[in-house]
Number of protein chains: 4
Amino acid sequence: MTAQPIVKMRKKPRQARAVATIEAILEAAAQILQKEGEEALTTAKVADRAGVSIGSLYQYFPNKEAVLLALIRREREAIGAEVARKIAESEPKSGEDLVRGVISTLLVAFRPRRRRRKLVALMASLSVDRDNSGLELRDRVAYLIAAASRRFPDFAARPLSDISAYVLVRAVLGAIRSAVVENAKIIDDPEFEEELCRLAIGYLKAPDASAARKGA
Amino acid sequence: MTAQPIVKMRKKPRQARAVATIEAILEAAAQILQKEGEEALTTAKVADRAGVSIGSLYQYFPNKEAVLLALIRREREAIGAEVARKIAESEPKSGEDLVRGVISTLLVAFRPRRRRRKLVALMASLSVDRDNSGLELRDRVAYLIAAASRRFPDFAARPLSDISAYVLVRAVLGAIRSAVVENAKIIDDPEFEEELCRLAIGYLKAPDASAARKGA
Amino acid sequence: MTAQPIVKMRKKPRQARAVATIEAILEAAAQILQKEGEEALTTAKVADRAGVSIGSLYQYFPNKEAVLLALIRREREAIGAEVARKIAESEPKSGEDLVRGVISTLLVAFRPRRRRRKLVALMASLSVDRDNSGLELRDRVAYLIAAASRRFPDFAARPLSDISAYVLVRAVLGAIRSAVVENAKIIDDPEFEEELCRLAIGYLKAPDASAARKGA
Amino acid sequence: MTAQPIVKMRKKPRQARAVATIEAILEAAAQILQKEGEEALTTAKVADRAGVSIGSLYQYFPNKEAVLLALIRREREAIGAEVARKIAESEPKSGEDLVRGVISTLLVAFRPRRRRRKLVALMASLSVDRDNSGLELRDRVAYLIAAASRRFPDFAARPLSDISAYVLVRAVLGAIRSAVVENAKIIDDPEFEEELCRLAIGYLKAPDASAARKGA
DNA sequence: CATGAATGAGCTTTCATTCAT
DNA sequence: TATGAATGAAAGCTCATTCAT
């Protein structure tokens with residue numbers, strides 16, 4: 001895992017068998033990551049647990065890193081899509097509604113699977129350095145919030161600056177990340193969800209800081 | 001990094017020379033981590049850059065992990081102490097004052113040294129799994145805020161629950177962490193600091209969520 | 001290239017299509033060898049470049065080595081045939097004539113195709129160990145010279161011993177080999193050709209060494 | 001053995017033990033090369049036969065190729081030095097004397113050790129592409145001959161052009177190379193040596209070709 | 001105490017070859 | 001017959017750690 005920025009899969013699967021192989025590899029990688037940690041994630045182990053030969057692994061992934069990246073991308077897209085879908089079908093009536101919906105969905109997505117702990121930690125550390133196409137979750141959430149801040153009367157007072165959006169999204173996801181990674185039972189606590197909402201909504205409704213300062 | 005769960009240092013340094021050696025090793029490790037990343041951090045390289053033999057390194061640290069842990073702890077303590085000191089000498093007159101002071105100090109601590117980027121990422125991923133004594137920074141900040149929320153009139157309205165403190169501290173540090181790790185120039189932007197303050201202060205002053213709900 | 005000592009082709013091509021396939025495979029191998037070197041010559045790459053599946057390659061060649069051997073043999077036969085043909089049609093009038101003709105043809109055969117460099121090197125290293133049927137070029141040349149030394153008056157003085165033939169042929173081909181393999185532009189230099197002729201003709205005309213010694 | 005032009009040793013040995021290790025590695029490599037061929041030359045096998053760990057091998061050689069290169073260089077220097085020494089102490093009285101001395105020494109150097117067969121083949125194929133500092137043998141021989149062609153009356157008639165030297169040295173070494181590589185008993189035959197001398201001396205004494213042509 | 005040579009388990013990756021489809 | 005997914009032995013190489021000097 002030295003350099004090699006290659007990220008794509010080595011070959012497109014043309015037979016159904018191949019698709020199953022890829023899926024098995026990713027699932028095996030996820031399991032090992034979860035149960036034994038990143039250091040235990042060796043290509044041999046992944047192939048073994050996936051029930052395929054090591055050669056097959058390398059037929060579809062150019063190197064170990066590519067497996068990790070694919071795994072992370074899959075996870076991220078799954079969560080991102082879920083958030084978007086839930087929001088779309090819940091038809092929020094207010095900005096507050098929407099924020100509660102987003103946070104609730106995020107928590108649901110990260111919660112049940114304590115099994116995803118290591119993966120989330122990895123996502124945090126890997127995504128940054130190596131995968132710039134990977135900010136989907138954050139960007140999607142930021143987009144949703146920004147849209148809401150324009151569309152709904154309760155937030156309309158002040159449009160969201162880029163920096164505000166950055167702070168809000170990173171703060172909320174940062175807190176969730178901590179909860180997941182620190183393995184805290186707190187992530188199942190309704191009060192945690194409530195406080196997250198309070199943090200977000202309070203921030204979105206608060207008078208503009210600079211405006212406030214100038215006004216003072 | 002195979003076996004050996006030992007984590008403490010192998011021997012107490014009794015001579016000034018020993019202290020200097022340890023310091024040189026940690027500094028070398030920090031430099032390598034920063035300039036070349038975690039993968040490049042090998043014991044041989046650390047010893048070499050520190051100007052000591054590999055044998056000497058193992059005289060002071062039982063294994064590679066111990067070096068990393070010591071490095072992280074050093075960094076964390078430095079930042080924690082700085083926050084505490086700045087607050088102590090600034091004698092805040094209000095809760096808002098104190099929060100602004102804490103955030104400002106945190107940003108100063110993380111900011112100038114873009115060189116600390118990799119270290120911060122490491123702290124995040126390592127602290128959780130391997131060092132349970134390591135939450136000092138977070139705990140210290142949480143303690144400060146909690147104390148303030150009791151001491152100062154502007155926050156007095158509602159004492160900070162454990163969960164609230166958790167959310168607040170993780171949110172703020174999470175946003176800063178993002179800024180540092182994503183290498184964003186945003187960390188130098190005054191507006192970023194302002195928004196962080198707005199987030200924290202707004203949260204601390206907002207009416208209690210559950211109270212509000214009950215009241216409704 | 002593990003086991004399987006089989007060296008012959010697996011099946012006789014009975015259809016024109018098969019011949020074309022074999023030709024495509026050999027041509028692909030030659031190209032890869034030339035452009036990327038021996039290490040890059042993998043069966044998968046050969047099949048790919050030849051436009052056939054890896055399975056098909058193994059239908060015509062029992063293993064990778066057989067491909068190489070076929071390639072070398074093809075090359076060798078081509079050059080050998082060319083030398084023979086040129087000589088036959090030039091109807092040399094003297095031994096010197098014939099020698100000049102042979103050397104000239106050899107140089108023409110090896111020259112234009114700097115592309116054949118890697119192939120020549122291969123021929124040199126492979127032919128020895130693995131292909132004992134492969135001395136055709138050398139033998140053909142040796143035969144030509146030997147015949148000339150008997151047929152033409154200018155060489156008639158002394159019949160060529162086996163060892164003399166060996167020395168002469170290896171010397172001339174060795175010098176050409178060096179020129180090709182070392183990638184020297186020398187192979188295009190007319191003086192090079194002239195000197196080779198001088199070497200060969202001088203040797204063939206010189207008084208017998210042992211005779212000379214005895215005479216002395 | 002992909003790229004990596006590194007050729008030097010990884011670290012200078014500072015302890016006597018290290019020198020012995022290096023020697024053992026080279027000797028083991030030579031043996032394996034000889035008895036089992038180039039394909040059998042794996043780093044593990046070399047280390048094993050040398051009685052050292054694989055790690056030790058890589059402490060002194062950056063990669064497998066470096067081992068080969070060191071081996072070849074060692075061999076080449078040994079032969080080159082021997083040729084030079086023998087000539088120096090034999091104090092040849094004529095050019096013919098000197099040529100006979102050189103050829104005799106070369107044959108002695110290559111002869112007794114049928115064990116050197118594979119090594120010579122390797123030298124031929126490797127030296128060219130990868131080690132440009134490696135032409136010592138050829139250059140040394142060429143230098144000796146060139147000097148002789150100027151110093152001694154029997155060759156004085158015509159100074160040796162660069163191309164003539166090239167042809168002569170490659171021809172002689174090419175013939176010897178063939179004898180060694182083809183495993184022919186011919187290398188032990190005194191007539192072989194005699195014919196080589198005849199080839200070389202005849203060439204050196206022959207009237208200049210171009211002169212001859214012009215004269216005609 | 002310091003040194004650095006030695007160790008070797010274990011990792012990633014390649015590629016010739018097979019065989020079910 | 002042609003295909004290409006699957007195989008897995010085996011290779012090169014790294015690096016944390018030990019221990020004789």
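Proteins get letters first, then strands, A, B, ... in listed order; numbering begins at 1 in each. Both backbone and side-chain heavy atoms feed into the values below; hydrogens, waters and symmetry mates do not.
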[options]: which one has an atom nearest the side-chain heavy atoms of [X]?
X	options	answer
D:I54	E:dT17, F:dA2, E:dA9	E:dA9
B:T42	E:dT3, E:dT13, F:dC15	F:dC15
C:S53	F:dA2, E:dT13, F:dA16	F:dA2
A:T21	E:dA2, F:dA6, F:dC13	F:dA6
C:S56	F:dA2, E:dA2, F:dA5	F:dA2
C:Y58	F:dA6, E:dT18, E:dT3	E:dT18

What's the shortest heavy-atom distance between [X] and [Y], and which atoms?
X	Y	value
C:A24	C:A50	O-CB, 3.6 Å
C:L33	C:L41	N-CD1, 4.0 Å
B:A40	B:I32	O-CG2, 3.7 Å

Indicate whether OP1 or OP2 belonging to [N] is found under 4.0 Å from a side-chain N or O atom of [X].
X	N	value
B:Q59	E:dA2	yes
C:Y60	F:dT1	no
A:T43	E:dT12	yes

- prompt: With nearest nucleotides of DNA chain F determined for A:L57 and B:A44 from heavy-atom distances, which residue corresponds to the more 5′ nucleotide?
  reply: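 This one resolves to A:L57.
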TODO: Assign each of D:G55 and C:V52 to its nearest nucleotide of DNA chain F by heavy atoms, then name whichever residue's nucleotide is nearer the 5' end.
DONE: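 It is C:V52, whose closest nucleotide lies nearer the 5' terminus.
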Within this structure, what is the [atom1]-to-[atom2] distance between [X] and [N], rounded to whole angstrom?
X	N	atom1	atom2	result
C:L41	E:dT14	CG	P	17 Å
D:N63	F:dC15	CG	C1'	17 Å
B:R17	E:dA2	CZ	C1'	9 Å
A:K45	E:dC11	NZ	P	8 Å
A:E38	E:dC11	CD	P	14 Å
A:E36	E:dG10	CD	P	14 Å
B:I22	E:dC1	CD1	P	11 Å
D:F61	F:dT14	CZ	P	15 Å

Pairing partner of E:dT12 (Watson-Crick or G-U wobble, both distances under 3.5 Å):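 Its partner is F:dA11.
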>> Taking pairing as Watson-Crick or G-U wobble with both contacts under 3.5 Å, can you name the mate of E:dT17, or confirm there isn't one?
In response: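 Here E:dT17 is engaged in a pair, and the nucleotide opposite it is F:dA6.
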For D:L26 and D:F61, what are the C-alpha separation, side-chain angles and deciding distance, and is it a side-chain contact (heavy atoms from CB on, under 4.5 Å)? CA-CA 10 Å; D:L26 290 182; D:F61 300 92; 4.1 Å; yes
Next on the checklist: Under the criterion side-chain contact (heavy atoms from CB on, under 4.5 Å), I'd like the reasoning laid out for B:K45 against B:R49: C-alpha separation, chi angles, the key distance, then a yes or no.
Outcome noted: CA-CA 6 Å; B:K45 218 175 207 168; B:R49 180 107 85 202; 5.8 Å; no
Quiz item: Could you go step by step and tell me if C:V46 and C:K64 meet the side-chain contact (heavy atoms from CB on, under 4.5 Å) rule?
Solution: CA-CA 10 Å; C:V46 170; C:K64 184 184 171 181; over 6 Å; no
